[in-house]
Amino acid sequence: MDISLQDQLRRRREEILFRMDTALSKSGRTLADVELIAVSKTVDVEYVQAAIAAGYRAFGENRPQELARKIDGLEQMRAAGAGIPDVRFDMIGNLQTNKINAVLGRADLIHSISSLHLAEAVASRASRRIEDGLLDAAQPVLLEVNVSGEETKSGFSVDEVRQAIPHLQTLYGIRVCGLMTMAPRGDKKMARATFAGLRELRDELSVEYPDLSLDELSCGMSEDFEIALEEGSTIVRLGRVVFDPAFAVE
Ligand SMILES: *Cc1c(COP(=O)(O)O)cnc(C)c1O
């Protein structure tokens with residue numbers, strides 16, 4: 001394995017954790033309260049291996065084929081004798097219905113359930129797999145919410161989420177664990193308003209539907225993760241700040 005790559009990833013990880021801890025302390029939380037997902041979509045499996053050696057244990061991919069390729073690649077390394085600990089892979093990107101089977105049971109968490117149609121499709125395939133004994137339990141998912149209302153962004157509108165919850169609760173193949181959003185780029189104020197909006201929506205739904213445990217708030221990327229943590233994020237999804245040495249650490 002490339003030791004200098006591993007060292008560089010380890011140093012960067014320490015800086016990231018320090019910055020996360022500082023942001024978390026403002027809301028009385030610690031690193032134990034959040035999950036750091038290293039978004040490995042732009043790097044090869046050797047980088048993932050180095051990142052694991054550097055301490056990362058959770059990864060995110062935005063394409064089902066890549067998710068499968070990384071998981072299989074690590075499996076092959078293990079089979080060849082590399083001592084690689086178990087790690088988690090999440091699906092964070094746009095999911096097409098014809099690719100659902102590729103991620104069911106392989107993705108620990110699907111962050112990107114962006115419509116009722118997709119939720120139903122994932123739930124029905126997952127139910128079938130559970131009945132066939134191919135899946136142990138309901139697939140954990142998050143609802144992607146377009147809080148900022150940008151036309152280019154996918155996801156439920158805030159109102160659509162409110163309307164969809166009673167129906168989503170009846171779907172046996174999925175377990176809704178929380179909400180996910182992306183902030184508009186390059187505008188810190190808008191980012192904060194977006195993350196706060198996600199948290200407020202979660203709080204509102206938790207009061208209205210006490211049976212639902214919407215614990216997870218997946219928000220915060222390389223440019224805005226500290227703001228997201230200050231606003232209650234429980235899962236940050238970091239790509240460039242983890243893997244791109246040229247990405248400026250402030
Ligand atoms: C690529 C990606 C990220 C990571 O973005 P960075 O800005 O590189 O940290 C996070 N979430 C999703 C959904 C992505 O596609």
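Positions are given from 1 along the sequence. The model shown is predicted, which means the values in this text are computed figures rather than measured ones. Both ligands and their constituent atoms are indexed starting at 1 by order of listing.
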Can you tell me the protein heavy atom closest to [atom] and the distance?
{"atom": "atom 5 (O) of ligand 1", "value": "Met221 CE, 3.5 Å"}
{"atom": "atom 11 (N) of ligand 1", "value": "Arg237 NE, 2.9 Å"}
{"atom": "atom 6 (P) of ligand 1", "value": "Ser222 OG, 3.4 Å"}

Worksheet item: For ligand 1, is Ile92 a contact, meaning one of its heavy atoms is under 4.0 Å away?
Response: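 So Ile92 counts as touching ligand 1.
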
Worksheet entry | Steps toward side-chain contact (heavy atoms from CB on, under 4.5 Å) verdict (Glu61, Lys70) | CA-CA 9 Å; Glu61 288 286 339; Lys70 300 272 169 51; 2.7 Å; yes

Side-chain donor-acceptor contacts of residues 152-165 below 3.5 Å, not counting sequence neighbours, with atom names and distances?
unit_1 : atom_1 : unit_2 : atom_2 : d
Lys153 : NZ     : Glu150 : OE1    : 2.6
Lys153 : NZ     : Ala183 : O      : 3.4
Ser157 : OG     : Glu160 : N      : 3.1
Asp159 : OD1    : Arg162 : NH1    : 2.8
Glu160 : OE1    : Ser157 : N      : 2.8
Arg162 : NE     : Glu204 : OE1    : 3.4
Arg162 : NE     : Glu204 : OE2    : 2.6
Arg162 : NH2    : Glu204 : OE1    : 3.0

Discussion item. I'd like to know if the side chain of Thr234 pairs up with that of Glu216 as donor and acceptor (distance under 3.5 Å, no hydrogens or angles considered).
Written reply: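 Checked: Thr234/Glu216 side chains pair up, N/O donor to acceptor below 3.5 Å.
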
Worksheet item: Under 4.0 Å between a Lys/Arg side-chain N and an Asp/Glu carboxylate O for Arg11 and Glu14?
Response: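 Not counted as a salt bridge, because no side-chain N and carboxylate O are separated by less than 4.0 Å.
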
Item to complete: Please confirm whether Arg240 comes within less than 3.5 Å of ligand 1 when only nitrogen or oxygen atoms on both sides are compared.
Response: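 In this structure, Arg240 places an N or O atom under 3.5 Å from an N or O of ligand 1.
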
Where's the contact between [X] and ligand 1, heavy-atom distance under 4.0 Å: side chain, backbone, both or neither?
{"X": "Arg185", "result": "side chain"}
{"X": "Lys41", "result": "side chain"}
{"X": "Leu238", "result": "backbone"}

Worksheet item: So which pairs with a foot in residues 117-134 pass side-chain hydrogen bond (donor to acceptor under 3.5 Å, both in side chains), sequence neighbours left out?
Response: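 For residues 117-134, and leaving out neighbouring residues, the side-chain hydrogen bond (donor to acceptor under 3.5 Å, both in side chains) pairs sorted by first residue read Glu120-His167.
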
Worksheet item: Near Tyr47 OH, under 6.0 Å, is it more than 12 heavy atoms from other residues, nucleotides or ligands?
Response: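 Not buried by this count: 12 neighbours or fewer within 6.0 Å.
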
